[in-house]
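Below is one structure, written out as structure tokens; comments come after it.
Values in this document were obtained by computation on a predicted structure and should not be read as measured data.
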Amino acid sequence: MSKAKPELGGHGEGERGLFARLGRLVAHHPWRVIGVWVIAAVAVIGLAPHLTSTTDEASFLPSHYESVQAQNLQESAFPQAASPAAIIVLERADGTALSAADSAAVQQIGSKLEAAHIADVTTLQVGEPSANKLIQTIGVQMPTESDPQDTHQTDAVKTLRTQLQSDLSGTGLKGGITGTAAQTLDSQSSGNKADAIIGIATIGLILVLLLIIFRSPIIAFLPIITIGIVSQVADGLIAWASNAFNLKTDSSVTSMLIVVLFGVGTDYILFFMFRYRERLRAGDDPRQAVVAAVTRAGEAIASAGGAVIVSFLALTLSTLGLFRSLGPALAIAVAVTLLAGLTLIPAVVALLGTRVFWPSKAWRNEPRGARFAAIGRSMGRRPARFAAVSGLIMVALAIAAFSFHPSFDLSAGSTSSTAESTVWQNQLLRGEPAGATTPTEIFLKSTDGAKLDASQLSTYRSELAAVPGVGTVSEAIPNSTDTVAVYQVALAHDPSSSAAIDTVKGPLRTTAHQDAPRGTTALVGGITAIYADIEAAVNHDYAVVFPVAAIIIMLILALVLRAVVAPLYLMASVGLGFGATLGATVLLFQHSSSSNGLIFMLPVIMYMFVVALGTDYNILMITRLREEARAGKSPRQAAAEAVRHAGPTIGAAGIILAGSFASLMLAGQSTLSQMGFAISAGIAIAAFVMSMFFTPAITALLGHAAWWPGHADAVRDAAPDSTGEQSADFRPGVDEIERVR
């Protein structure tokens with residue numbers, strides 16, 4: 001058998017020729033490649049702006065939605081009368097009703113805070129005790145922040161909290177601060193803590209698994225060091241793109257970037273290292289092995305990364321700014337990681353040679369792969385049984401997905417349950433209607449410039465108060481010209497609950513619009529109205545983004561496989577995997593906990609990851625199966641051999657990637673916990689149920705029909721290519737993976 005010949009030609013010359021040239025460039029000029037990366041990293045890190053995020057849901061909506069129009073009207077008609085940026089909530093330390101002396105103490109606390117002249121606190125307004133005398137509030141007005149990097153409000157909240165606790169001493173009262181500014185501060189603090197926890201957990205998991213698989217500290221630290229640099233480059237590029245295209249990023253994006261970069265990046269490194277080690281065992285010298293590894297693994301890395309990037313970019317079709325920003329951000333991260341996997345990692349390995357495996361010598365020994373071989377043989381004998389069992393598992397889980405219920409409160413989901421803003425928002429509910437913290441606002445505007453009639457305003461208020469689900473309605477507050485009036489509506493339910501959203505989008509908006517006095521028009525705004533509009537936007541996106549992403553990925557599959565039938569059932573299996581993942585998440589977080597819903601963005605994000613990565617694993621399995629069929633094996637024999645050889649790669653990639661995303665569950669935030677479980681469960685289902693069993697079993701049952709109308713499985717010359725090996729996608733060291741299992 002010919003060995004140690006890196007030149008590739010003839011068979012697959014187009015794509016492989018490209019990757020062969022790249023492999024030769026990297027292997028023969030590793031210092032130049034590393035130098036280019038270092039220069040690029042220094043330039044991007046030094047010049048790029050800071051990547052900022054927002055928890056303002058309204059910033060994600062297009063301007064044609066009613067809640068955004070109401071917000072714009074408020075800013076123009078009531079520039080100084082916005083809802084309080086922060087709410088100080090006070091109660092007796094023993095939890096009993098407030099006395100007259102206690103209310104007087106609250107007034108004194110308000111006076112002391114006002115006398116402190118805290119920067120960026122414009123006014124403090126002491127409210128009346130609640131009807132049951134359990135709580136009393138102080139509203140805090142602050143200037144509106146237009147710049148996401150502006151910290152004036154959060155800095156003011158920090159100072160207020162310190163001053164408040166000092167002023168409470170000796171009063172017999174206790175209190176805390178909630179409201180939008182306080183939630184933003186707690187969300188930022190929680191996000192920084194979450195990023196640290198996720199980073200440590202992700203890196204620790206990768207180190208442990210790579211040490212088990214390769215028994216080499218050099219390989220274990222290789223992705224940590226290189227991807228650490230790559231992540232800074234990706235952050236800089238994302239920040240530039242966000243500024244250039246005015247993209248809004250949610251606070252959970254930075255946490256997701258950590259696991260995307262390290263999880264996906266480690267997968268690409270595994271693909272390369274397994275092929276590199278295989279070529280060394282075949283007799284290539286280290287640099288020739290790098291060329292061969294880039295040539296063969298490069299195709300898989302590029303196609304895998306391309307599917308993920310296409311899926312993420314499909315989010316740009318969303319009407320929500322959140323998704324339009326999230327898609328490009330993750331696509332940039334994957335693109336940079338893909339480029340590093342094809343250039344930076346091979347360059348480092350080319351310099352280290354076989355020393356990259358130090359101190360282990362196991363890389364020299366060819367593994368046997370007994371367990372995956374046994375699974376493959378069993379599937380080859382009984383593919384119908386494997387298809388039925390794996391399919392039924394996914395169907396059973398998918399049934400629960402029909403009870404999915406969305407939650408739209410990003411700010412609550414991005415803070416822990418012990419954060420001060422969360423604790424005191426819950427305490428506020430002891431004495432006020434659930435919607436008192438963030439009231440719905442109804443704006444009545446004169447359409448002809450005439451002043452609003454006081455009697456009509458009173459009648460209109462009565463009609464609003466009679467709407468089912470409405471707690472209280474304030475008196476109309478006119479603007480300086482009496483052409484616009486606003487009503488503060490406290491809903492009877494939690495502002496982020498389904499009941500509140502249904503009230504706003506149903507009877508409240510209907511009444512507000514239909515009963516508006518002649519010569520006026522009404523707009524319903526506030527956070528619950530924003531949630532209602534986000535729900536409408538998300539439903540629109542489901543109908544657009546999902547089909548477009550599915551069609552594009554199916555076209556990619558058709559081009560890769562040169563078939564029509566196989567892409568159809570591969571996408572059907574991915575869709576089934578998506579349903580199973582959503583169902584498992586609903587069972588855990590919605591039915592088995594006190595949560596009244598899952599974060600609204602979860603299905604879209606999960607769809608992108610599960611569909612893209614599930615497609616990658618399907619491609620790895622079915623292309624290996626096609627290769628075995630071309631070597632002359634029957635459909636069932638080909639399926640058995642595909643599981644034996646591709647199974648360990650999919651298993652290793654699935655364990656590391658699922659484990660990386662599972663680290664999101666350690667963040668202490670409900671949003672990240674739901675995302676972490678959903679994506680990790682989806683990857684596990686895609687790797688160990690769908691790709692490992694369902695896809696090869698269905699392909700074995702369909703036989704030659706799977707490749708209709710082409711003949712991709714037709715027997716071909718199985719002679720080795722010019723690297724001295726037969727065509728293969730991956731054949732990693734099975735013995736190490738066996739030990740992991």
Side-chain angles (χ1 to χ4, degrees), residues 58 61 64-84 125 127-128 130-132 137 139 408 428-429 431-536:
L61 281 168
H64 67 269
Y65 281 96
E66 182 176 348
S67 59
V68 178
Q69 294 174 358
Q71 184 173 0
N72 294 336
L73 178 59
Q74 180 189 50
E75 292 174 357
S76 62
F78 302 94
Q80 302 300 324
S83 299
Q125 184 174 5
E128 296 295 325
S130 61
N132 57 13
T137 63
F408 299 90
L428 182 58
L429 299 180
E432 298 287 351
T437 55
T438 49
T440 295
E441 296 166 322
I442 299 180
F443 297 89
L444 196 64
K445 180 182 179 182
S446 171
T447 56
D448 56 7
K451 291 185 177 182
L452 298 172
D453 181 81
S455 62
Q456 289 180 324
L457 292 177
S458 178
T459 302
Y460 187 59
R461 173 175 177 261
S462 300
E463 291 166 343
L464 294 175
V467 173
V470 169
T472 61
V473 181
S474 71
E475 295 287 345
I477 304 171
N479 69 340
S480 59
T481 61
D482 289 328
T483 57
V484 181
V486 61
Y487 297 87
Q488 301 286 337
V489 179
L491 300 174
H493 305 281
D494 186 309
S496 63
S497 67
S498 296
I501 294 172
D502 290 341
T503 297
V504 167
K505 71 181 183 182
L508 185 57
R509 273 186 170 164
T510 300
T511 300
H513 296 158
Q514 292 181 353
D515 294 349
R518 184 183 300 275
T520 67
T521 184
L523 291 173
V524 180
I527 194 65
T528 307
I530 291 173
Y531 294 156
D533 289 342
I534 288 178
E535 182 178 49

Inset, instruction - Apply side-chain contact (heavy atoms from CB on, under 4.5 Å) to the pair Asn72 and Glu75, showing each step before the final yes or no. - result: CA-CA 5 Å; Asn72 294 336; Glu75 292 174 357; 4.2 Å; yes
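- Other residues, nucleotides and ligands contribute over 12 non-hydrogen atoms within 6.0 Å of the CD atom of Glu463.
- Nearest heavy atom pair, residue Thr520 against residue Pro517, reads OG1-O, 2.5 Å.
- The distance from atom CD1 of Ile477 to atom CG of Leu444, rounded to the nearest 0.5 Å, is 13.0 Å.
- The two residues Pro495 and Thr528 come nearest to each other via the heavy atoms O-OG1, 2.9 Å.
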Inset, instruction - Check the pair Tyr487 / Phe443 against ring pair (Phe, Tyr, Trp, His ring centres under 6.0 Å), numbers first and verdict last. - result: CA-CA 7 Å; Tyr487 297 87; Phe443 297 89; 9.6 Å; no
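- Contact record, Val524 with Ala512: CG2-CB, 3.8 Å, taken as the closest heavy-atom pair.
- Under the 3.5 Å distance criterion, the side-chain polar atoms of Thr440 are left unmatched by any main-chain donor or acceptor of Gly526.
- Taking CD1 of Ile534 as the reference point, atom OG of Ser67 lies at 7.5 Å (rounded to 0.5 Å).
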Inset, instruction - Go through the steps for Phe78 and Val484 under the test side-chain contact (heavy atoms from CB on, under 4.5 Å), then give the verdict. - result: CA-CA 9 Å; Phe78 302 94; Val484 181; 3.7 Å; yes
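- Using a distance-only test at 3.5 Å, with no hydrogens or angles considered, a donor-acceptor pair links the side chain of Ser462 to the main chain of Ser458.
- Ala485 pairs by the side chain to side chain contact (heavy atoms under 4.5 Å, CB included) definition with Leu452, Leu457, Ala476, not counting sequence neighbours.
- By the side-chain hydrogen bond (donor to acceptor under 3.5 Å, both in side chains) test, Ser474 pairs with no residue at all, sequence neighbours left out.
- The backbone N or O of Leu508 lies less than 3.5 Å from no partner atom in the side chain of Thr511, so there is not a single donor-acceptor pair.
- Atom NE2 of His513 and atom OG1 of Thr521 lie 7.0 Å apart (nearest 0.5 Å).
- To the nearest 0.5 Å, atoms CD (Glu441) and CD1 (Ile527) are separated by 10.5 Å.
- Counting only heavy atoms from C-beta outward, the side chains of Pro507 and Val467 approach each other to under 4.5 Å.
- Sorted by first and then second residue, the salt bridge (Lys or Arg N to Asp or Glu O under 4.0 Å) pairs with a member in residues 505-525 read Glu66-Arg509, Asp502-Lys505, Lys505-Glu535, Arg509-Asp533; sequence neighbours excluded.
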Inset, instruction - With side-chain contact (heavy atoms from CB on, under 4.5 Å) as the test, would you mind laying out the steps for Thr483 and Lys445 before giving the verdict? - result: CA-CA 6 Å; Thr483 57; Lys445 180 182 179 182; 6.0 Å; no
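- At least one side-chain heavy atom of Ile442 sits under 4.5 Å from a side-chain heavy atom of Leu464.
- Smallest separation of non-hydrogen atoms from Gly525 and Ala70: CA-CB, 3.6 Å.
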